[in-house]
Protein chains: 2
Amino acid sequence: MSNSLPTPAGPAGTASSRVFDHLRKDLVGGRFVAGEKLAINALKDRYQVGLSPLREALNKLAAYGLLVQENQRGFRVPKLSRDELDDIAQMRLEMEGMALERAIAKGDSLWEADLLAAAHRLKRADITLDKGEEWEHLHTQFHRTLVAPCGSVWLLRFIEQLHDQFDRYRRLGPKMPTIRQELDEQHHQLVELALQRDAKAARALMDDHIHKSYEVALKRYQEHV
Amino acid sequence: MSNSLPTPAGPAGTASSRVFDHLRKDLVGGRFVAGEKLAINALKDRYQVGLSPLREALNKLAAYGLLVQENQRGFRVPKLSRDELDDIAQMRLEMEGMALERAIAKGDSLWEADLLAAAHRLKRADITLDKGEEWEHLHTQFHRTLVAPCGSVWLLRFIEQLHDQFDRYRRLGPKMPTIRQELDEQHHQLVELALQRDAKAARALMDDHIHKSYEVALKRYQEHV
DNA sequence: GTAGATTAAAAAATCGATTATTTTGTCTAA
DNA sequence: TTAGACAAAATAATCGATTTTTTAATCTAC
């Protein structure tokens, strides 16, 4: 996939790619206030990095949609809005539904194994009572695995981007264990339907899953305003 | 649309945004060889800009998908492939079809006027025998106008991105006047169907339009390899 | 000859300082 | 008071030089 975003940079990566990954996580995880203007000098200290790599990371994040750049007045965290949340959720419905159907048509047995593994890891992390980012990462990974063999690099790319945007809403507040459990069960049902190659039922469930997630995100958003 | 790419920066914009716009045009217009490694120092001279703003522009283009960035080894122009062209075309079918249906459902009379105007300008430019980028710009503008009132910022954003990618293939070689005329007629038929609010027929025509464009792009790609 | 090590040249990434622009605060005149 | 002008401070953008890493070239041991 020659066009995908750089994979997370380990200790060997450049300063720019490391701060990009870190900032992306923090932006998606709600560590910044929506609408906030970023104080570049403060970020320099916070992420222990020089001005040049920092600015390069900020530029990438702006092109990716996690920041807004205004000429001569730096970078801000994009505002949140009900309309945009609705937009993002609807786009997720269309695109992840499409991707899931294709993945079910194309996925091989290696995919089946990966999917089971991803679901298992996610469930385990849930039991181990979610220390920080761990569950979030495995959750992202699960959804990524689910649609991975859809055959379209661009579809996957857009879905990833939409997930990041969606999570800015979903992760506004603290955990909601009640709904969470319901959503977790759907993950396993999704695996089952995928293994049975029941595209229609899987898509319906995916729609429901996204819709329930949307309700969580909307509640968070409304509480947060 | 708080999240869209920066609008073209006039003389008042920053060096970074100006070189971004320029590079974007050149990349889409096939002024670079696919797969080519970019010599940053050469670009500095070519675009008359310092290293910092240039690198910021390159970073944005990489996040946008018009460049590939490899840690510690700079930037390259993405390779072209048949598979990717197919992917892009299929995504265009799905997304522009969706956008057009929604635009027809939502567009008001101002949109109708804009659409007629955009189509007219495009036709005129065609008669005036296309001096350089002019036709390309009006063509982009026409397609943008067509789907503009679809109501989804993210859908529009993705379509824009796909157009840029698609045009890397379509604009590989010289003009093809024969097919071009056929495609130009479709632009007017699209306007007509849009004004009649015939979503179904409009979408069918759009599918055909994209399919014909795809055939042009594919031919160009195959000749170019 | 050829794989592997060594060095020299080139290129990428980063730093520290400078310049340009915006923002803030203060003052003045209606 | 309050709109507008001005100056001072803060911030953004850019430059030029330095450091780091990769690439190319050369050499050596088998």
Side-chain angles (χ1 to χ4, degrees), chain A residues 2-3 5-24 27 32-33 35-79, chain B residues 2-3 5-24 27 32-33 35-79:
Chain A
S2 64
N3 280 313
L5 240 29
T7 51
T14 63
S16 172
S17 60
R18 261 177 291 121
V19 71
F20 174 88
D21 293 338
H22 201 162
L23 262 167
R24 176 182 170 182
L27 285 162
F32 292 90
V33 181
E36 166 182 10
K37 166 114 179 266
L38 293 185
I40 300 199
N41 276 325
L43 292 182
K44 228 169 54 108
D45 299 342
R46 175 165 174 178
Y47 295 103
Q48 291 293 307
V49 74
L51 197 59
S52 313
L54 175 58
R55 283 189 59 91
E56 293 190 5
L58 294 175
N59 272 281
K60 270 194 279 203
L61 288 162
Y64 183 66
L66 281 174
L67 288 177
V68 178
Q69 184 172 24
E70 292 163 298
N71 271 353
Q72 246 92 34
R73 36 192 87 175
F75 299 85
R76 355 185 110 262
V77 181
K79 292 215 189 89
Chain B
S2 64
N3 279 313
L5 239 29
T7 51
T14 64
S16 171
S17 59
R18 261 179 291 121
V19 71
F20 174 88
D21 293 338
H22 201 160
L23 262 167
R24 177 182 171 184
L27 286 162
F32 292 91
V33 181
E36 166 182 11
K37 167 115 178 264
L38 293 185
I40 299 198
N41 276 325
L43 292 182
K44 227 169 54 106
D45 299 342
R46 176 166 175 177
Y47 294 103
Q48 291 294 308
V49 73
L51 197 59
S52 313
L54 175 58
R55 284 190 60 89
E56 293 190 5
L58 294 174
N59 272 281
K60 270 193 278 205
L61 288 163
Y64 183 65
L66 281 174
L67 288 177
V68 178
Q69 184 171 25
E70 293 161 299
N71 270 352
Q72 247 92 33
R73 35 191 87 176
F75 300 85
R76 0 183 106 260
V77 181
K79 290 216 190 86

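Order of the sequence lines fixes the chain letters, A, B, ..., with proteins taken first and strands second; residue numbering starts at 1 for each chain.
The shortest heavy-atom contact between B:Ala15 and B:Pro53 is CB-CB, 3.9 Å. The two residues B:Gly50 and B:Lys44 make their nearest non-hydrogen contact at C-CG, 4.0 Å.
Atoms CG and NE2, from B:Leu27 and B:His22 in turn, are 10.5 Å apart once rounded to the nearest 0.5 Å. Rounding to the nearest 0.5 Å places CZ of B:Phe20 at 7.5 Å from CG of B:Leu66. To the nearest 0.5 Å, atoms CG (A:Leu67) and CZ (A:Phe75) are separated by 7.0 Å. The distance from atom CZ of B:Arg24 to atom OG of B:Ser17, rounded to the nearest 0.5 Å, is 13.0 Å.
Residue pairs meeting the salt bridge (charged side-chain N to carboxylate O under 4.0 Å, His left out) criterion with at least one member in residues 64-78 of chain A, sequence neighbours excluded: A:Glu70-A:Arg76. Among residue pairs with one or both ends in residues 46-58 of chain B, those qualifying as side chain to side chain donor-acceptor pair (under 3.5 Å) are A:Arg55-B:Glu56, A:Glu56-B:Arg55, A:Asn59-B:Glu56, B:Asp26-B:Tyr47; sequence neighbours excluded.
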Could you go over nucleotides 10-12 of chain D and give all protein N or O partners under 3.5 Å, atom names and distances?
unit_1	atom_1	unit_2	atom_2	d
D:dA12	O3'	A:Gly74	N	3.4

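Using a 4.0 Å cutoff on non-hydrogen atoms, the parts of residues 42-52 of chain A near DNA chain C are A:Gly50, A:Leu51, A:Ser52, ordered by number.
Under the 4.5 Å side-chain criterion, counting only non-hydrogen atoms from C-beta, A:Ser16 is in contact with A:Lys60.
Partner of B:Val19 under the side-chain contact (heavy atoms from CB on, under 4.5 Å) criterion, out of B:Leu61, B:Leu54, B:Thr14: B:Leu54 alone.
When DNA chain C is scanned 5' to 3' for any atom under 4.0 Å from a heavy atom of chain A, the first and last hits are C:dA13 to C:dT23.
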